[in-house]
Trainee: 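My questions will all concern the structure given below.
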Amino acid sequence: MEVVLLIYVFVAAVIVLLFGFSLLFFKILQKRNKPSLFLKENYDLRSIAIADIDRMEDGSGFEMYLYRLFLELGYSGVYKTVGSRDFGADVVFTDREGVRNVVQAKRYSVDNPVGVSAVQEVYSCMRYYKAKKAIVIATSKYTEPCETLAGINHVKLLDRMDLINIIEAFKKDNLKAAQDIVEAEPRMILESWSEASNPGLREVRKDYKAEKYVKKVMGK
């Protein structure tokens with residue numbers, strides 16, 4: 001009798017566990033399939049603040065927000081690129097001068113600065129999109145190497161404070177102020193270009209260990 005009772009208890013426990021796991025799996029699946037608030041088109045764009053962007057589940061919500069924002073700012077030729085194989089651009093738009101821009105969106109945490117890969121990707125995709133300007137818009141700051149590479153390649157970096165200023169101007173219906181921030185000239189570093197025409201070029205960040213090793217194995 002005790003054995004039968006133990007079997008019943010065991011079977012009941014297994015059923016409860018299976019039910020619990022099934023419920024948990026269903027909730028996870030439901031959460032994954034549930035569209036993010038920021039992927040819907042029915043939220044009021046002017047109600048979104050930087051804190052709301054920080055709470056987005058992933059970067060796709062930020063991309064959709066910027067896509068809608070550029071439309072609301074009155075730009076022409078605005079479209080969001082396909083998620084896969086975007087070649088480094090998330091949003092494309094034509095500015096007030098009639099110049100096409102490619103934008104890469106980086107929704108990072110405040111303490112996580114954006115690195116050089118953002119500049120490399122958005123700059124390298126300009127010819128694919130037939131654009132003449134490249135912009136990175138981030139919810140954080142940028143690393144020093146990222147700012148250097150952007151300055152040399154004329155890539156516009158808009159950081160968290162720039163984004164906040166754009167959002168605030170948009171909320172006040174001051175579209176021109178927001179556009180002025182977006183279209184401001186990027187910080188430029190011209191030293192490398194001036195050296196390009198100099199016949200006596202210096203090595204930049206030369207790897208002396210590699211040089212020493214190669215000389216050793218080549219017997220030079």
Side-chain angles (χ1 to χ4, degrees), residues 27-28 30-84 86-97 99-115 117-119 121-122 125 129 131 133-143 146-147 150 155-186:
K27 286 185 177 180
I28 293 174
Q30 189 179 40
K31 184 177 180 181
R32 290 181 61 184
N33 292 333
K34 183 180 179 181
S36 170
L37 166 67
F38 299 99
L39 290 178
K40 297 178 182 178
E41 297 181 2
N42 59 351
Y43 65 86
D44 181 8
L45 203 67
R46 282 182 168 79
S47 68
I48 303 300
I50 190 67
D52 299 304
I53 295 175
D54 289 336
R55 288 193 293 268
M56 291 178 179
E57 294 180 1
D58 52 39
S60 59
F62 185 41
E63 294 170 13
M64 182 63 74
Y65 169 79
L66 290 178
Y67 169 47
R68 289 191 57 192
L69 179 64
F70 281 112
L71 286 171
E72 291 287 345
L73 290 178
Y75 287 118
S76 62
V78 182
Y79 67 90
K80 185 180 177 300
T81 63
V82 179
S84 59
D86 59 19
F87 298 101
D90 298 313
V91 178
V92 179
F93 75 97
T94 301
D95 62 27
R96 290 173 292 180
E97 298 295 326
V99 177
R100 174 174 281 185
N101 290 245
V102 285
V103 179
Q104 184 172 109
K106 290 296 184 183
R107 195 198 64 79
Y108 282 20
S109 59
V110 180
D111 57 350
N112 185 20
V114 178
S117 61
V119 174
E121 292 169 9
V122 76
C125 78
Y129 289 99
K133 293 183 179 180
I135 305 173
V136 181
I137 303 179
T139 55
S140 62
K141 295 183 178 181
Y142 299 92
T143 63
C146 181
E147 292 183 349
V155 173
K156 175 71 177 178
L157 298 181
L158 294 173
D159 62 15
R160 185 180 183 85
M161 188 52 62
D162 294 318
L163 178 60
I164 291 174
N165 291 335
I166 292 171
I167 293 173
E168 292 304 316
F170 170 67
K171 286 185 174 184
K172 296 176 182 177
D173 286 325
N174 193 347
L175 304 188
K176 182 180 182 302
Q179 291 173 330
D180 288 343
I181 298 172
V182 172
E183 299 178 37
E185 284 297 312

Trainee: Which distance, rounded to the nearest 0.5 Å, do you find between the OG1 of Thr143 and the CG of Asn112?
Mentor: 10.0 Å

Trainee: According to the side chain to side chain donor-acceptor pair (under 3.5 Å) rule, which pairs have a member within residues 175-186, sequence neighbours left out?
Mentor: Tyr75-Glu183, Arg96-Gln179, Arg96-Asp180, Arg96-Glu183, His154-Glu185, Lys176-Asp180

Trainee: Which residue in the set Lys156, Arg160, Met161 passes side-chain contact (heavy atoms from CB on, under 4.5 Å) when paired with Leu158?
Mentor: Lys156

Trainee: Compute both the distance and the angle, then confirm whether Arg68 meets the cation-pi test with Tyr43: under 6.0 Å from the six-membered ring centre, within 45 degrees of the axis.
Mentor: yes

Trainee: Residues two or more places apart in sequence or in another chain: which of them pass side-chain hydrogen bond (donor to acceptor under 3.5 Å, both in side chains) with Glu63?
Mentor: Lys80

Trainee: Apply side chain to side chain contact (heavy atoms under 4.5 Å, CB included) to Val155 and Val122, showing your working.
Mentor: CA-CA 8 Å; Val155 173; Val122 76; 4.0 Å; yes

Trainee: Which class fits the ring pair Phe70 and Phe93: parallel under 30°, tilted 30 to 60°, perpendicular over 60°?
Mentor: parallel

Trainee: Does any pair with a residue in residues 165-175 pass salt bridge (charged side-chain N to carboxylate O under 4.0 Å, His left out), and if so which ones, sequence neighbours excluded?
Mentor: Arg46-Asp173

Trainee: Apply side-chain hydrogen bond (donor to acceptor under 3.5 Å, both in side chains) to Asn101 and list each qualifying residue two or more places apart in sequence or on a separate chain.
Mentor: Asp95

Trainee: Is the backbone N or O of Ala150 less than 3.5 Å from a side-chain atom of Tyr142, with the two atoms forming a donor-acceptor pair by type?
Mentor: no

Trainee: Could you list the residues that satisfy side-chain hydrogen bond (donor to acceptor under 3.5 Å, both in side chains) with Ser47, not counting sequence neighbours?
Mentor: none

Trainee: Evaluate the criterion side chain to side chain contact (heavy atoms under 4.5 Å, CB included) for residue pair Ile167 and Ile53; output intermediate values, then yes/no.
Mentor: CA-CA 11 Å; Ile167 293 173; Ile53 295 175; 3.8 Å; yes

Trainee: For Tyr108, is there any backbone N or O sitting under 3.5 Å from a side-chain donor or acceptor partner on Thr139?
Mentor: yes

Trainee: Considering residues at least two apart in sequence or located in another chain, which fulfil the salt bridge (charged side-chain N to carboxylate O under 4.0 Å, His left out) criterion with Lys141?
Mentor: none

Trainee: Mark yes or no for whether Asp86, through its side chain, and Thr81, through its backbone, hold a donor-acceptor pair below 3.5 Å.
Mentor: no

Trainee: Rounded to the nearest 0.5 Å, what separates atom CG in Leu157 from atom CD in Gln104?
Mentor: 11.0 Å

